[in-house]
Peer 1: 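Before I ask anything, let me first share the structure, which is written out below as structure tokens.
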Amino acid sequence: QLQLVESGGGLVQPGGSLRLSCAASGFTLDYYAIGWFRQAPGKEREGVSCITSRGGITNYADSVKGRFTISRDNAKNTVYLQMNSLKPEDTAVYYCAADRSFARYCRLVRSDFGSWGQGTQVTVSS
């Protein structure tokens, strides 16, 4: 059974850092593009970043460019989202999602991703 589990969320002060992890079980990440999305209270779920299955091509939302970095360790079947210089507006539940694809690019589009984790809460507050 394909499963994604996010971890690493928590409470952090503005300007701080967190590293989220997305661990996959029941399948190998080698064949999947992985995306990170977030949903703040009262808002739509939005794409944050994604990384292709091969080649490691990445894509970022403008709001996080230069602050967030996505990476993958296929040997550990895990994808990471390093978040630096966090702002209160980054507060949200963060979800990872998988798309079985060998495309050379990935899009921050919810409908591209068929499997989702349960999410991890990130709160940026002083």
Side-chain angles (χ1 to χ4, degrees):
Q1 182 178 356
L2 189 154
Q3 188 175 13
L4 295 168
V5 178
E6 303 94 336
S7 62
L11 173 64
V12 63
Q13 292 186 343
S17 299
L18 283 175
R19 188 177 79 158
L20 305 184
S21 298
C22 173
S25 61
F27 68 104
T28 177
L29 276 181
D30 297 43
Y31 305 128
Y32 289 80
I34 299 297
W36 283 98
F37 292 76
R38 67 186 181 187
Q39 188 166 17
K43 294 188 177 182
E44 294 289 318
R45 192 171 299 187
E46 63 174 358
V48 174
S49 182
C50 61
I51 186 167
T52 56
S53 58
R54 298 179 176 179
I57 303 300
T58 58
N59 190 6
Y60 295 92
D62 289 342
S63 59
V64 306
K65 281 181 182 175
R67 300 189 298 123
F68 290 11
T69 302
I70 191 171
S71 62
R72 64 190 301 150
D73 186 339
N74 287 350
K76 294 183 178 180
N77 229 26
T78 301
V79 172
Y80 304 97
L81 185 68
Q82 178 67 43
M83 306 186 296
N84 299 328
S85 301
L86 282 162
K87 304 175 181 180
E89 51 263 44
D90 295 317
T91 296
V93 178
Y94 283 71
Y95 301 88
C96 65
D99 171 30
R100 187 177 174 96
S101 169
F102 296 129
R104 295 181 181 180
Y105 62 90
C106 58
R107 304 185 304 171
L108 300 178
V109 175
R110 288 179 60 180
S111 59
D112 283 359
F113 296 85
S115 300
W116 293 79
Q118 293 301 304
T120 184
Q121 176 70 46
V122 172
T123 302
V124 184
S125 175
S126 55

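When reading the values below, keep in mind they use all heavy atoms of this one structure, side chains included, and skip hydrogens, waters and symmetry mates. Worth saying up front: this structure is predicted, and the values here are computed from it rather than measured. Counting from 1, the numbers follow the sequence of the chain as shown.
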Peer 1: Could you check whether atom CD of E44 has more than 12 heavy atoms from other residues, nucleotides or ligands sitting under 6.0 Å from it?
Peer 2: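 No, the 6.0 Å shell around CD holds no more than 12 heavy atoms from other groups.
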Peer 1: Which atoms form the tightest heavy-atom contact between A61 and G47, and what is the distance?
Peer 2: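 The pair with the smallest heavy-atom distance is CB-O, 3.5 Å.
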Peer 1: Treating Ile, Leu, Val, Met, Phe, Trp and Tyr as nodes and any side-chain heavy-atom pair under 4.5 angstrom as an edge, say whether Y32 and L108 lie in one connected cluster.
Peer 2: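 Y32 and L108: separate clusters.
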Peer 1: Determine the minimum heavy-atom distance between I34 and L29, stating which atoms define it.
Peer 2: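 Here I34 and L29 meet closest at CD1-CD2, 3.3 Å.
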Peer 1: Measure the OG1-CE distance between T69 and M83 for me, rounded to the nearest 0.5 Å.
Peer 2: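 These two atoms lie 11.0 Å from each other.
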Peer 1: Side chain of S53, backbone of S101: donor and acceptor closer than 3.5 Å?
Peer 2: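 Yes, the answer is positive, given that a donor and an acceptor are paired below the 3.5 Å cut-off.
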Peer 1: Just checking Q118: does its CD atom have more than 12 heavy atoms from other residues, nucleotides or ligands closer to it than 6.0 angstrom?
Peer 2: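 No, CD of Q118 has 12 or fewer neighbouring heavy atoms, counting only those of other groups under 6.0 Å.
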Peer 1: Report the residue from Q39, R38, Q121 that forms a side-chain hydrogen bond (donor to acceptor under 3.5 Å, both in side chains) with Y94.
Peer 2: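 Exactly one pass, corresponding to R38.
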Peer 1: Within a strict 4.5 Å, meaning less than it, do heavy atoms of the L11 and S125 side chains meet?
Peer 2: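 With C-beta onward as the side chain, the pair touches.
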Peer 1: Grab the two heavy atoms, one from L18 and one from L86, that are nearest each other, plus how far apart they are.
Peer 2: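 In terms of heavy atoms, the two residues are closest at N-CD1, 3.9 Å.
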Peer 1: Does anything in residues 56-83 form a ring-ring contact (aromatic ring centres under 6.0 Å, His included)? List the pairs, not counting sequence neighbours.
Peer 2: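 For residues 56-83, and leaving out neighbouring residues, there are no ring-ring contact (aromatic ring centres under 6.0 Å, His included) pairs at all.
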Peer 1: For the residue pair T91 and V124, what are the closest heavy atoms and their distance?
Peer 2: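 Answer, listing the atom of T91 first, then V124: OG1-N, 2.9 Å.
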Peer 1: With side chains defined as the heavy atoms from C-beta onward, is the minimum distance between N74 and T28 less than 4.5 Å?
Peer 2: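 Sidechains of T28 and N74: no contact.
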Peer 1: If the test is side-chain contact (heavy atoms from CB on, under 4.5 Å), which one of L20, V64, L81 qualifies with I70?
Peer 2: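 Going through L20, V64, L81 one by one, the side-chain contact (heavy atoms from CB on, under 4.5 Å) with I70 is satisfied by L81 alone.
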Peer 1: Who passes side-chain hydrogen bond (donor to acceptor under 3.5 Å, both in side chains) against K65, sequence neighbours left out?
Peer 2: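 If we apply the side-chain hydrogen bond (donor to acceptor under 3.5 Å, both in side chains) test to K65, skipping adjacent residues, the hits are D62.
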Peer 1: By the side-chain hydrogen bond (donor to acceptor under 3.5 Å, both in side chains) test, which pairs, at least two apart or in different chains, include something from residues 5-22?
Peer 2: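 Output for this query lists S17-N84.
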Peer 1: Can you list every ring-ring contact (aromatic ring centres under 6.0 Å, His included) pair that touches residues 1-20, not counting sequence neighbours?
Peer 2: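 Sorted pair list comes back empty.
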Peer 1: Who clusters with W116? Use side-chain heavy atoms, under 4.5 angstrom, across I, L, V, M, F, W and Y, and order the result by chain and number.
Peer 2: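 F37, V93, Y95, F113, all in the cluster of W116.
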Peer 1: Looking at CZ of R72 and SG of C22, how far apart are the two atoms once the value is rounded to the nearest 0.5 Å?
Peer 2: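 The CZ atom of R72 sits 9.5 Å away from the SG atom of C22.
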Peer 1: Does any non-hydrogen side-chain atom of D99 lie less than 4.5 Å from one of C106?
Peer 2: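 C106 does not reach D99 side chain to side chain.
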Peer 1: Flag yes if more than 12 heavy atoms outside R107 fall under 6.0 Å of its CZ atom; otherwise flag no.
Peer 2: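 No, not enclosed.
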Peer 1: Quick one: does P88's side chain get under 4.5 Å of P14's, heavy atoms only?
Peer 2: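 Of all side-chain heavy-atom pairs linking P14 with P88, at least one is under 4.5 Å.
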Peer 1: With sequence neighbours left out, what residues match Y31 under ring pair (Phe, Tyr, Trp, His ring centres under 6.0 Å)?
Peer 2: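 If we apply the ring pair (Phe, Tyr, Trp, His ring centres under 6.0 Å) test to Y31, skipping adjacent residues, the hits are F102.
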